[in-house]
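Encoded as structure tokens, the structure appears first; notes follow it.
Every chain is numbered from 1, with letters handed out A, B, ... down the list of sequences.
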Amino acid sequence: MTGSAPAPGPGPVPAALLAEVRAAPERIGVLFPAVARVAGRGPVRPADRDDPADPADPDGLLAPRIEDRARVALLLAAARAARWPAARLAEETAALYRFGDADEKRAVLHALDPLDRPDGRAGEGAEPGAEPLGDAGLPLVADALRTNDPRLLAAALGPYAARRLPAPAWRQAVLKCLFTGVPLAAVAGWEGRADGELARMVADYAAERQAAGRSVPPDARRILALFPRPE
Amino acid sequence: MRIFDPHIHMTSRTTDDYEAMYAAGVRAVTEPSFWLGQPRTGPGSFRDYFDALVGWERFRAAQFGIRHHCTIALNPKEANDPDCRPVLDFLPRYLAKDGVVAVGETGFDSMTDEEEEVFRRHLGLADEHGLPVLVHTPHRDKAAGTRRTLELVAASGLPPERVLVDHLNETTVAMVADSGCWMGFSIYPDTKMDEHRMVRILAERGLDRMIVNSAADWGRSDPLKTARTGEAMRRAGFTEDDVDRVLWRNPVEFYGQSGRLLLDDGEPDTTAGTAPAPSPSPSATFAGNSVLRGTRPDTAA
């Protein structure tokens with residue numbers, strides 16, 4: 001994913017629904033689960049394709065789906081309209097995640113990055129009326145990373161995790177992607193964050209697979225290629 | 001024969017049941033939330049249950065070619081437990097979800113004030129969320145419970161066609177027919193109603209607003225009772241179209257009022273009742289878990 005906040009103006013959510021959540025942000029708990037029935041669902045058509053779905057990414061591992069984008073936009077609209085302080089924002093976000101099914105959880109994970117930088121620029125503070133989420137989303141990321149659901153793993157490893165997840169947890173998560181088949185391309189900023197310790201872990205993993213007579217995933221080789229070791 | 005079982009507790013059933021149901025023509029079900037035999041100790045237990053109804057069970061059914069929907073409520077029996085009452089606070093979050101096609105099961109178990117209060121709350125929630133209501137009628141004092149049910153429905157202002165009053169028999173069907181509510185019948189091996197009595201009721205009263213279910217759960221029950229009723233209807237001279245109306249179109253019409261059925265449109269399924277269940281896909285997983293054992297694909301290869 002790009003991690004950019006939804007564009008203003010004609011966006012992924014019908015105007016009437018946005019107006020409803022702005023008028024009563026506390027209703028986000030019932031509007032958020034229901035949003036796909038109004039905004040639609042499915043993969044977003046890549047700009048260079050005519051067919052509606054991206055066959056290479058049916059589960060939205062690489063790009064948020066239509067309903068993900070709509071839910072992110074809805075949550076951002078609620079947070080901004082309500083001018084929730086950080087603690088309340090954290091509480092509402094966590095409740096949407098905890099009560100959410102896998103689709104809703106995935107959308108909350110995608111929302112962490114824009115909620116953490118409400119003005120769209122990381123590290124430069126918040127626009128009036130919306131406090132940044134801060135580290136309060138990390139327990140949700142940790143929960144998603146405990147699952148074996150590729151859709152949640154991929155969504156958890158967006159720009160928010162790239163920025164805030166402590167290194168040991170981030171390395172474990174990348175390794176889990178190799179185990180579960182989540183493409184490295186879904187991990188935001190992996191090239192910048194990969195370090196020698198991750199390379200060691202991946203090298204051990206590759207050695208284990210080779211010892212078992214199994215192939216080494218190309219994504220593992222891509223990480224190793226960043227840290228060439230003298231033989 | 002294509003079948004929509006509008007009331008069946010699949011969390012209590014096995015994959016053998018799913019296969020047999022598919023083979024008998026079942027292509028869609030609604031699983032009402034209810035009690036589990038073992039009393040729950042608090043709201044967290046309900047959350048896990050509701051999560052399973054909209055999550056794992058829907059996936060499990062899909063692996064056997066069956067569309068799974070559910071209804072959500074604090075059931076009448078546990079409405080009496082003050083420890084479970086906080087469930088009402090988070091019902092709206094679940095009533096907003098896809099595939100939740102009604103509020104239910106609600107209604108009476110022992111006809112207490114607590115049950116009545118929760119029932120009223122549920123009727124209000126149905127109005128708020130644009131959902132139909134599935135009403136359980138009590139095993140004990142059924143006629144009085146059904147009468148009070150209809151009074152509360154009338155007082156709620158909900159249109160009667162949004163309400164299905166379930167577990168009826170010969171003594172309670174007339175008052176529900178007169179109310180304009182839908183009439184539900186649970187076909188059981190021993191109690192409540194059997195398929196032959198059911199056919200007599202259909203012959204006497206017609207097919208309008210008539211709903212037949214197996215209500216199969218963790219007790220002695222039979223998930224194929226819907227199909228058995230269809231067969232009994234044929235033997236009694238009802239047409240294929242009559243059977244289709246009772247076992248498919250009626251429940252689709254009732255739950256369709258939610259706007260949240262997860263059915264494929266259009267084409268009747270010509271294999272219904274003749275084909276074996278599809279084999280679960282070896283690569284399909286729900287949250288990384290599959291219904292198969294020991295045959296996980298090697299995704300990392």
According to the interplanar angle, ranging from 0 to 90°, do the rings of B:F90 and A:F99 count as parallel (below 30°), tilted (30 to 60°) or perpendicular (above 60°)? tilted

Hey, could you give me the CG/CZ distance between A:D101 and B:F50, rounded to the nearest 0.5 Å? 14.5 Å

Engaged part of A:L31 at the chain B interface, taking heavy atoms whose separation is under 4.5 Å: neither

Nearest 0.5 Å, please: how far is CZ in A:R37 from NZ in B:K97? 10.5 Å

Does A:E208, at its CD atom, have more than 12 non-hydrogen atoms belonging to other residues, nucleotides or ligands within less than 6.0 Å? no

Under 4.5 Å from any heavy atom of chain B - which part of A:R27: neither

Between CG of B:D98 and CD of A:E104, what distance do you get to the nearest 0.5 Å? 8.0 Å

Can you check whether A:P33's main-chain N or O pairs, donor with acceptor, with B:R93's side chain at less than 3.5 Å? no

Which atoms of A:A36 approach chain B - backbone, side chain, both or neither, heavy atom under 4.5 Å: side chain

B:E128 and A:V30: CA distance, side-chain angles, deciding distance, side chain to side chain contact (heavy atoms under 4.5 Å, CB included) verdict: CA-CA 11 Å; B:E128 220 170 284; A:V30 294; over 6 Å; no

Would you indicate whether A:R200, at its atom CZ, is surrounded by more than 12 heavy atoms from other residues, nucleotides or ligands within a distance under 6.0 Å? yes

